[in-house]
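Report on the structure given below.
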Amino acid sequence: MAHVVLSLDQPSNYKDSQSRVDRNKQFDLLQQSTTLYIGNLSFYTTEEQIYELFAKCASPEDGGGIKRIIMGLDRNTRTPCGFCFVEFYTNAEALATMRYISGTKLDERIIRCDLDLGYKEGRQFGRGKSGGQVRDEHRQDYDAGRGGWGAQAQRLEIERRREVEERYADAQDGPGAVAGGGGDWKEMEIPSQEGKLKRGRSPDDDGDNTRLGPRSRMEDMDGERM
């Protein structure tokens with residue numbers, strides 16, 4: 001069974017895409033590496049949390065320990081974007097981390113640990129177009145721990161909302177649009193209340209009585225009773 005399960009301290013398929021070292025040479029260097037690349041971190045995981053977890057694999061009594069932690073940052077906002085580098089003093093500590101920490105949960109996320117060729121200045125920044133990691137650029141799912149929707153999905157949503165707002169603005173300015181603001185009705189001519197109180201002309205009003213005022217009709221009615 002031993003040949004079926006790969007040893008957890010062996011280098012994975014992870015490779016720095018900007019490294020100019022060929023694959024075979026890289027493999028040899030990783031055998032002696034003391035640096036780990038940590039992926040799938042929450043944007044809210046702190047350096048203190050990482051130190052507390054990874055210190056469990058340190059061996060200060062043997063001259064080891066954590067040398068430094070470099071947090072991965074969004075290139076534009078300079079905020080954490082889900083990865084970091086952990087440097088130990090010895091290769092044995094890095095291998096112990098691969099055995100015991102990679103694949104475990106930190107902040108409710110399964111983190112990934114890979115041996116790295118070594119940190120160089122500039123590698124702490126995300127390489128995605130939006131400033132974060134490339135994996136978050138095209139991600140279509142919602143991940144609250146990594147900023148919600150992927151950067152590309154967020155841009156599409158912003159563009160969609162902008163188009164809706166523009167269409168709404170055009171509809172407000174176009175012919176037949178409903179007046180807005182609630183104050184335009186004051187400028188409209190209000191029909192006279194006097195006209196509303198007058199009774200409409202009836203066909204029974206034909207005749208001489210239509211030319212008589214109210215007083216004349218009353219006198220005529222008194223004459224008939226007599």
Side-chain angles (χ1 to χ4, degrees), residues 8-9 11-21 26 30 33-58 66-88 93-94 96-169:
L8 294 179
D9 60 355
S12 70
N13 291 326
Y14 163 76
K15 181 180 184 297
D16 179 12
S17 61
Q18 294 187 359
S19 174
R20 300 183 183 281
V21 180
Q26 182 176 209
L30 289 177
S33 175
T34 61
T35 302
L36 293 169
Y37 172 91
I38 316 301
N40 201 38
L41 291 173
S42 166
F43 288 3
Y44 306 103
T45 298
T46 65
E47 184 175 340
E48 289 75 15
Q49 288 175 279
I50 296 171
Y51 187 94
E52 181 181 2
L53 175 63
F54 284 81
K56 298 181 185 301
C57 292
I66 295 178
K67 184 177 181 180
R68 62 173 175 169
I69 296 174
I70 302 97
M71 298 296 293
L73 303 175
D74 185 290
R75 186 175 60 254
N76 300 324
T77 63
R78 296 300 196 267
T79 56
C81 63
F83 72 99
C84 75
F85 297 93
V86 177
E87 289 186 355
F88 288 96
E93 293 170 308
T97 300
M98 293 284 291
R99 290 191 186 101
Y100 303 119
I101 294 183
S102 184
T104 62
K105 280 190 175 182
L106 177 60
D107 266 351
E108 299 302 317
R109 302 184 66 83
I110 297 177
I111 61 174
R112 185 184 79 253
C113 304
D114 290 293
L115 290 171
D116 189 83
L117 294 177
Y119 171 77
K120 292 183 179 180
E121 187 61 34
R123 291 189 64 196
Q124 75 269 36
F125 299 123
R127 296 171 179 174
K129 292 181 180 179
S130 61
Q133 286 192 272
V134 176
R135 59 162 290 192
D136 291 314
E137 191 74 28
H138 305 285
R139 183 167 49 78
Q140 296 298 317
D141 62 322
Y142 184 87
D143 191 335
R146 297 185 69 88
W149 298 103
Q152 189 176 48
Q154 290 184 24
R155 286 196 298 270
L156 292 174
E157 177 63 16
I158 292 173
E159 184 63 27
R160 185 191 68 81
R161 291 184 179 182
R162 184 182 295 113
E163 292 177 357
V164 170
E165 291 174 356
E166 290 176 354
R167 288 199 299 268
Y168 179 77

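One is the number of the first residue; the rest follow in order along the sequence.
I110 and G103 get closest at one heavy-atom pair: CG2-O, 3.5 Å. Counting all heavy atoms, side chain and backbone alike, A144 lies closest to Y44 at O-CE1, 3.7 Å. Listed here is the closest heavy atom pair of A55 and I66: N-CD1, 3.6 Å. Contact between G39 and F83 at its shortest, heavy atoms only, is CA-CB, 4.5 Å. Considering all non-hydrogen atoms of both residues, I38 and C113 come closest at CD1-SG, 3.6 Å.
The side chain to side chain donor-acceptor pair (under 3.5 Å) check on R135 picks up N40, with sequence neighbours excluded. With sequence neighbours excluded, no residue satisfies side chain to side chain donor-acceptor pair (under 3.5 Å) with T104. Residues meeting the ring pair (Phe, Tyr, Trp, His ring centres under 6.0 Å) test with Y119, sequence neighbours left out: F85. Scanning for ring pair (Phe, Tyr, Trp, His ring centres under 6.0 Å) contacts around Y142 gives W149, with sequence neighbours left out. Qualifying side chain to side chain contact (heavy atoms under 4.5 Å, CB included) partners for Q140, counting only residues two or more places apart in sequence or in other chains: Q152, A153. Applying the side chain to side chain contact (heavy atoms under 4.5 Å, CB included) test to D107 and every residue at least two apart in sequence or in another chain returns S42, T45, Q49. For R139, the salt bridge (charged side-chain N to carboxylate O under 4.0 Å, His left out) partners two or more places apart in sequence, or in a different chain, are D136, D141. Residues forming a side chain to side chain donor-acceptor pair (under 3.5 Å) with R68 (at least two apart in sequence, or on another chain): E87. In this view, S33 satisfies the side chain to side chain donor-acceptor pair (under 3.5 Å) rule with no residue, not counting sequence neighbours. In this structure, the side chain to side chain contact (heavy atoms under 4.5 Å, CB included) partners of E47, at least two apart in sequence or on a different chain, are I69, M71.
You'll find the side chain of L106 reaches within 4.5 Å of the side chain of I50, heavy atoms only. Here the side chains of T35 and L115 are not in contact, with every heavy-atom distance at 4.5 Å or above.
In this structure, the separation between CZ on R167 and CZ on R162 is 13.0 Å, given to the nearest 0.5 Å. Note that CD of E48 and CG of L53 are 13.5 Å apart. Values are rounded to the nearest 0.5 Å. In this structure, CD1 on I101 lies 6.5 Å from CD1 on I111, to the nearest 0.5 angstrom. Taken to the nearest 0.5 Å, the CD atom of Q133 stands 11.0 Å off from the CG atom of L73.
A donor-acceptor contact under 3.5 angstrom links the side chains of E137 and S130, judged on distance only.
Checking each of I70, L36, L41 against C84 for a side-chain contact (heavy atoms from CB on, under 4.5 Å) leaves exactly one that passes, namely L41.
Cation-pi geometry between R78 and F125 is satisfied (NZ or CZ under 6.0 Å from the ring centre, within 45° of the ring normal).
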